[in-house]
Amino acid sequence: MRFLLVSLLLACVSGKLSAQNSPVEIIKVDSTTTKVKNVILMIGDGTGLAQWSAAQSRVKDPLHVYRLSEYLGLSKTSSASHFITDSGAGATAISIGEKTYNTAIGLRKDSSIAFTLSELLHVKGKSTGLVATCGLTHATPASFFAHQLNRYMDKEIVEDFYGGFIDVAIGGGFPLFDTARLHKLGYATYLYKNDNFDSIDTTDFVGFYDTSNHPVKYSQGRGNFLKDATMAAIRNLNKNENGFFLMVEGSQIDWGGHDNDPEYVISEALDFDSTIAAVGKWAKSNGETLVIVTADHETGGLSLYEENGNKEAQFAFSTEHHTGIPVPVFAFGPMSYLFKGVYENSEIHGKILKALNIKP
Ligand code: MG
Ligand code: ZN
């Protein structure tokens with residue numbers, strides 16, 4: 001109750017200061033002492049500082065992720081086997097808290113099984129969720145529920161999903177899932193193309209974008225799927241009085257980098273940023289939610305430059321693959337100070353558990 005009063009008081013003060021230039025109503029909570037009930041981990045696949053800068057070059061106001069960030073860190077992304085990680089090892093390092101070999105999903109570098117954050121927190125009584133703009137068996141979301149030798153083992157990965165450690169999952173992957181089996185396990189299923197996600201009211205469900213494996217690009221008409229899916233997940237996960245853990249992936253920012261297509265990178269990053277705005281607004285009013293926005297690695301070796309007196313940013317890529325530079329970690333909400341500094345990607349796992357006051 002004391003924290004609530006302090007928060008309300010601070011809200012009045014900061015509201016006056018920031019209302020003018022902020023579309024998001026900032027309700028400050030004490031980022032060093034307030035208890036954390038929920039964690040929302042947002043991963044922009046392939047999203048380094050250059051990708052954020054490219055997105056920023058297209059909008060006048062500061063990116064929502066910049067505005068909301070209270071503490072900033074750098075995550076070193078190399079895997080156990082390579083200087084340059086793949087998305088399996090990158091997400092697995094965050095999920096299990098140990099670096100592993102490229103292509104591994106939820107396994108240590110010696111191929112033994114380690115608990116993912118979702119599994120650990122589910123066991124501790126929290127609800128767990130995943131949202132992605134790719135198929136749900138793709139490397140990043142898979143690293144939060146599956147344990148497989150290789151990220152391309154889709155059949156085995158989806159089999160692990162039926163283990164039931166994820167309460168809410170929204171993304172692509174429809175052709176790989178057996179909906180009858182999902183129903184038998186107690187999941188409701190929805191299609192974004194047919195169903196209104198705002199009216200979903202159940203604690204266990206799987207939402208698919210449509211019947212294809214990967215949702216289309218934002219520029220091809222995906223609309224507000226990422227934001228709508230994320231808020232539908234949060235609204236239903238939040239029914240658990242013990243709190244929740246949600247991983248949200250902006251999956252296709254990486255694909256724009258692989259394609260060396262700056263417009264693809266920018267539109268996907270801005271879509272991710274508007275989802276961050278919605279999450280930020282919810283988290284700030286909730287007051288017990290820690291939000292972390294990071295990446296598994298940078299993709300494309302993107303750089304921004306000027307050309308021939310043209311003052312607009314130009315974009316150049318140095319590779320069609322990932323790079324090995326550290327990526328930013330933006331954090332806000334209670335205990336967000338834990339994410340300042342320069343550290344290995346595998347340390348994010350322990351920081352999340354520490355914020356939740358959970359011993360592994
Ligand atoms: Mg990914
Ligand atoms: Zn990639």
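Numbering starts at 1 and runs along the sequence shown. Indexing begins at 1, ligand by ligand and atom by atom, following the structure's order.
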**OP:** Dump the intermediate steps for side chain to side chain donor-acceptor pair (under 3.5 Å) on Thr323 and His297, then the final yes or no.
**Re:** CA-CA 7 Å; Thr323 67; His297 52 74; over 6 Å; no
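Expressed to the nearest 10°, the angle at the Zn ion (ligand 2) joining NE2 in His322 with NE2 in His258 is 90°. Around the Mg ion (ligand 1), the two atoms OE2 of Glu249 and OD2 of Asp45 are separated by an angle of 100°, to 10 degrees.
Under a 3.5 Å cut-off, the side chain of Ser318 and the backbone N or O of Gly301 do form a donor-acceptor pair.
A cation-pi contact links Lys351 to Tyr343, judged by a cut-off of 6.0 Å to the six-membered ring centre and 45° from its axis.
Within the coordination shell of the Mg ion (ligand 1), defined by N, O or S atoms under 2.8 Å, Asp296 is absent. The distance from the Mg ion (ligand 1) to the nearest N/O/S atom of Ser251 is not under 2.8 Å. Asp45 lies apart from the Zn ion (ligand 2) in this respect, since none of its N, O or S atoms is found at a distance under 2.8 Å. Look at His321 and the Zn ion (ligand 2): no N/O/S atom of the residue is under 2.8 Å from the metal. The Zn ion (ligand 2) has no N, O or S atom of His297 under 2.8 Å away, backbone or side chain.
Between Phe161 and Phe177, the distance from one ring center to the other falls under 6.0 angstrom.
Heavy-atom neighbours of Glu241 CD from other residues, nucleotides or ligands within 6.0 Å: at or below the threshold of 12.
Using a 4.0 Å cut-off between a side-chain N of Lys or Arg and a carboxylate O of Asp or Glu, Lys35 and Glu288 qualify as a salt bridge.
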